[in-house]
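Since the structure comes first, as structure tokens, the remarks are kept for the end.
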Amino acid sequence: MISGFVRNGCFEKGVDCYYELVKEGRVRPDFFTYPVVLKACGCLSDGRKIHSWVFKLGYCLDLFVASSLLHMYSRFGFVGDGRRVFDEMSVRDLGTWNAMISGFCQNGKAVEALDVFREMCMEGVKMDSMTVSSILPVCAPLNNLDMGMFAHVYVIKNGLEFDVYVSNALINMYAKFGMLALARSIFDQMMVRDLVSWNSLIAAYEQNSDPIAALGYFVEMKRNGFQPDILTFVSLASIVAQSGDAENSKSVHCCIIKLDLIRGDIFIGNAVVDMYSKLGNIDYAHRVFDGMDNKDVISWNTLITGYAQNGLASEAMEVYKTMRECEMIVPSQGTLVSILPAYSHVGALRQGMKVHGHTVKIGLLSDIYVGTCLIDVYAKCGRLNDAMMLFKQVPRKSSVPWNAIISGHGIHGQGEKSLSLFGEMEEEGVKPDHVTFVSLLSACSHAGLIDQGQQCFKLMQEKYCIQPGLKHFGCIVDLLGRAGHLDMAYDFIKNMPVRPDASVWGALLGACRIHGNVELGALASEHLFEVDVENVGYYVLLSNIYANVGRWEGVDKVRSLVNNRGLKKTPGWSSIEVNNRFGVFYTGNRSHPLSEEIYKELKVLMAKIKNIGYVPDYSFVLQDVEEDEKEQILTSHSERLAIAFGIISTPPKTPIHIFKNLRVCGDCHNATKYISKITEREIVVRDSNRFHHFSNGDCSCGDHW
DNA sequence: TTAGGGTTAG
């Protein structure tokens with residue numbers, strides 16, 4: 001009767017029936033009863049109760065009963081208890097071994113799964129197709145390609161390649177090791193393919209950054225009569241995002257909605273949120289997120305990352321705050337990795353330190369990604385010593401934390417230290433990657449280390465066989481340009497093997513601004529506006545170049561270009577942390593509760609610094625307005641609002657740390673020098689380009705506008 | 001009369 005219930009899916013009735021049987025004492029359950037009841041029980045405590053009865057009755061030795069117990073424990077995630085049952089068994093068949101292996105695999109215990117597999121081989125038990133398809137998925141997480149290839153050879157020798165599960169598992173395994181040709185050849189040799197085979201092949205190319213090939217296989221799959229399922233769409237969403245194909249993102253989303261896939265499934269919802277945010281359409285991403293019936297921690301992480309990667313750090317922090325208010329959601333490693341870069345971005349040191357404390361508490365400091373994000377927070381918040389201390393604590397066998405600490409010293413102008421860290425990295429046998437060299441080259445250019453920078457560029461190609469990308473080229477242009485070798489920088493661009501992008505021309509334009517080269521600046525901007533017509537920051541740079549040499553007709557020309565092209569300046573904002581609270585100020589904004597006091601303080605400050613020699617430089621105002629209004633505009637630049645707020649909110653002589661999303665304007669740079677003098681405060685401003693340490697009327701960056 | 005074991009994801 002019990003098995004009748006279970007066979008018909010009425011598990012609860014099966015268990016009830018069993019309890020009644022025992023209670024009434026009418027029939028004594030035997031070893032035929034227990035496998036069925038164990039299959040039916042819906043919770044761990046029922047399972048444990050049954051285990052103790054079985055134990056008392058001595059049925060644990062029965063192969064069927066013991067296997068069912070083992071399965072029950074794995075099903076509830078208590079695979080360790082399953083292992084204990086397994087160890088006590090006197091007789092095991094192949095199915096028992098397979099159940100133990102897959103029990104560990106499905107509970108994320110790859111090492112234990114492999115241990116059981118090895119024991120099985122030692123005992124001379126021959127594996128079958130089920131063993132192979134269980135063991136293959138753990139090879140990649142364990143980074144054990146040898147094991148995967150051993151299984152593959154076994155498959156060929158024993159004719160198991162005709163099993164569709166085995167071939168699918170092989171495709172997935174090789175794809176995870178980036179061995180696409182092998183994955184593809186296994187797919188090609190399959191006699192019978194199912195939807196999983198197609199999904200696996202598509203995902204293989206998608207995960208190895210070949211969205212075009214992946215899309216081709218999707219089309220072929222449809223041609224072969226297969227209908228896409230949830231997993232196909234998860235890959236498709238990523239394919240569209242990788243190709244930057246905003247048009248098709250909506251079609252993919254529409255299909256998902258039409259097939260009614262999005263409501264019940266968190267996975268596909270998360271994939272769509274990720275797709276829109278990677279395409280820069282964060283509003284859509286948020287809307288999809290809001291419309292999801294169920295959300296898990298990954299849904300939140302995806303949205304936070306989306307905001308952070310689209311440069312909207314404050315919004316990312318807002319989402320994180322809301323997430324922390326949800327009792328159901330426990331932050332994961334991924335949450336920390338998504339929120340910490342937002343803190344780095346705006347210089348939210350206290351918030352970062354809070355997360356640091358939390359990281360120590362939950363034992364995640366040994367995670368290289370979390371550790372590296374924290375190093376980055378400390379470095380970008382001006383705490384290089386703390387960053388260094390942390391660097392010594394995190395595992396550093398991979399290039400990731402090294403890149404962060406090298407770049408950290410670079411943005412503070414400590415290029416020599418970056419170079420010596422790179423030397424240590426080489427000594428410790430850690431292989432640098434392309435990011436290491438971007439960090440190194442930019443460190444060299446900020447510190448004016450021209451020869452060393454050029455040597456690094458050579459080393460990267462000759463010793464490490466890394467082909468330079470646009471970022472590396474941009475660094476070299478910056479390196480040469482900043483040092484005044486403008487013609488060399490221009491020649492370098494002309495000889496580049498790839499088409500220069502905006503960052504390369506932008507580096508040249510920036511160098512022309514520093515060295516006052518109007519002709520080359522105009523030329524660079526012509527190229528620049530061809531590849532990026534919308535970035536107003538570059539127009540401002542060009543205007544500065546003209547203004548500096550008094551070529552007002554040039555300033556007017558740039559101003560009308562901006563107006564004719566209907567360009568709007570990216571709103572400038574600055575942030576500051578005072579008394580553990582984080583404040584953001586937008587240029588010209590008067591909505592802050594202390595706005596009146598801030599503007600009053602600024603008026604006093606401006607008067608004082610004018611007395612000691614400050615003269616406003618209106619060339620930084622692109623708007624076509626009267627002089628007194630220009631002064632008004634300069635005075636309400638976001639960095640000044642933040643500085644004034646810092647001055648009125650902290651005791652005298654307290655250092656002030658500001659973050660600005662754009663470059664600090666030349667007039668603010670000059671004014672801040674004077675402010676640091678009269679207030680006797682150290683003022684640190686990190687802008688989108690570098691750190692500026694102001695103290696006693698001077699700035700460490702040495703730039704002159 | 002009883003059971004257990006496999007492949008794809010954000």
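Chain letters run A, B, ... following the sequence lines, proteins first and then strands; every chain starts at 1.
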Just to be sure I understand the rule, does D163(A) reach a base, reach only the sugar-phosphate, or reach nothing, if contact means heavy atoms closer than 4.0 Å? base
Taking the six-membered ring for Trp and the full ring for Phe, Tyr or His, determine whether the centres of Y320(A) and W300(A) are under 6.0 Å apart. no
Atom CD1 of I202(A) to atom C1' of dT7(B): distance rounded to whole Å? 15 Å
May I have the distance from F64(A) (atom CZ) to dG5(B) (atom P), rounded to whole angstrom? 13 Å
At 4.0 Å (heavy atoms only), tell me whether L231(A) reaches a base, stays on the sugar-phosphate, or touches nothing. base
Between D265(A) (side chain only) and F267(A) (backbone N and O only), is there a donor and an acceptor less than 3.5 Å apart? yes
Flag, side chain of R48(A) to backbone of C43(A), donor-acceptor distance under 3.5 Å: no
Taking only the side-chain nitrogens and oxygens of Q106(A), find out if one of them lies under 4.0 Å from OP1 or OP2 of dG6(B). yes
With sequence neighbours left out, the residues meeting side-chain hydrogen bond (donor to acceptor under 3.5 Å, both in side chains) with E318(A) are none
Just say parallel, tilted or perpendicular for the rings of F150(A) and Y154(A), cut-offs at 30° and 60°. tilted
What integer distance in Å separates F104(A):CZ from dG6(B):P? 15 Å
Do any of residues 78-102 of chain A sit with a heavy atom less than 4.0 Å from DNA chain B, and if so which? D93(A), L94(A), G95(A), T96(A), N98(A), A99(A), S102(A)
Identify, with sequence neighbours excluded, every residue that meets salt bridge (Lys or Arg N to Asp or Glu O under 4.0 Å) alongside D163(A). none
Please report the distance, rounded to the nearest Å, between OH in Y154(A) and P in dG6(B). 18 Å
DNA chain B contacts made by residues 119-134 of chain A, counting heavy atoms under 4.0 Å: D128(A), S129(A), M130(A), S133(A), S134(A)
Is there a side-chain polar atom (N or O) of K39(A) under 4.0 Å from OP1 or OP2 of dG4(B)? yes
Over how many whole Å does the gap from D265(A) atom CG to dT8(B) atom C1' extend? 13 Å
Side chains of residues 108-125 of chain A: which donor-acceptor pairs under 3.5 Å do they make with residues two or more places apart or in other chains?
| unit_1 | atom_1 | unit_2 | atom_2 | d |
| --- | --- | --- | --- | --- |
| E119(A) | OE1 | R83(A) | NH2 | 3.1 |
| E119(A) | OE2 | R83(A) | NH1 | 3.3 |
| E119(A) | OE2 | R83(A) | NH2 | 3.1 |

Can you run down the ring pair (Phe, Tyr, Trp, His ring centres under 6.0 Å) pairs that involve residues 228-257 of chain A, sequence neighbours left out, and say none if there aren't any? H253(A)-Y276(A)
Report all side-chain donor-acceptor pairs from residues 88-100 of chain A shorter than 3.5 Å, counting only partners two or more places apart or in another chain.
| unit_1 | atom_1 | unit_2 | atom_2 | d |
| --- | --- | --- | --- | --- |
| R92(A) | NE | F86(A) | O | 3.3 |
| R92(A) | NH2 | F86(A) | O | 3.0 |
| D93(A) | OD1 | G95(A) | N | 3.2 |
| D93(A) | OD1 | T96(A) | N | 3.0 |
| D93(A) | OD1 | T96(A) | OG1 | 2.6 |
| T96(A) | OG1 | D93(A) | N | 3.2 |
| T96(A) | OG1 | D93(A) | O | 3.4 |
| N98(A) | OD1 | T131(A) | OG1 | 2.8 |
| N98(A) | ND2 | D128(A) | OD1 | 3.3 |

Heavy-atom donor-acceptor pair, Q106(A) side chain to S74(A) backbone, under 3.5 Å: no
Ignoring hydrogens and geometry, is there a side-chain-to-backbone donor-acceptor pair from S243(A) to D245(A) under 3.5 Å? no
At under 4.0 Å between heavy atoms, what does V166(A) touch on the DNA or RNA strands: base, sugar-phosphate, or nothing? base
Which ones in residues 272-300 of chain A lie close to DNA chain B, meaning a heavy atom under 4.0 Å from one of its atoms? D274(A), D296(A), I298(A)
Could you tell me the separation between the CD1 atom of I50(A) and the P atom of dG4(B), rounded to a whole number of Å? 14 Å
Candidate nucleotides dG4(B), dT8(B), dT7(B), ranked by approach to the side chain of N168(A) - the nearest: dT7(B)
NA contact type, E206(A), heavy-atom cut-off 4.0 Å: base, sugar-phosphate, or nothing? nothing
Going by the rule side-chain hydrogen bond (donor to acceptor under 3.5 Å, both in side chains), which residues pair with S197(A) if we only count those two or more places apart in sequence or in a different chain? N168(A), D194(A)
Within the side chain of N172(A), is there an N or O that forms a donor-acceptor pair under 3.5 Å with the backbone of S200(A)? no
Contact list please: residues 173-199 of chain A against DNA chain B, heavy atoms, distance less than 4.0 Å, in numerical order. K176(A), V196(A), N199(A)
May I have the list of side-chain donor-acceptor pairs in residues 216-223 of chain A shorter than 3.5 Å, sequence neighbours left out?
| unit_1 | atom_1 | unit_2 | atom_2 | d |
| --- | --- | --- | --- | --- |
| Y217(A) | OH | R184(A) | NH1 | 2.3 |

Find the distance N301(A):CG to dA9(B):P and express it as a whole number of Å. 18 Å
Need one value for I266(A): base, sugar-phosphate or nothing, where a base atom within 4.0 Å counts as base even if backbone is also close, heavy atoms only. base
I want to check one thing: is the phosphate of dG5(B), taken as OP1 and OP2, less than 4.0 Å away from some side-chain N or O of H71(A)? yes
What is the distance, to the nearest angstrom, from the CG atom on L136(A) to the C1' atom on dT7(B)? 9 Å
Tell me every residue that passes salt bridge (Lys or Arg N to Asp or Glu O under 4.0 Å) with R324(A), counting only those two or more places apart in sequence or in another chain. none
Less than 5.5 Å between centroids and less than 30° between ring planes, does F267(A) satisfy that with dA9(B)? yes
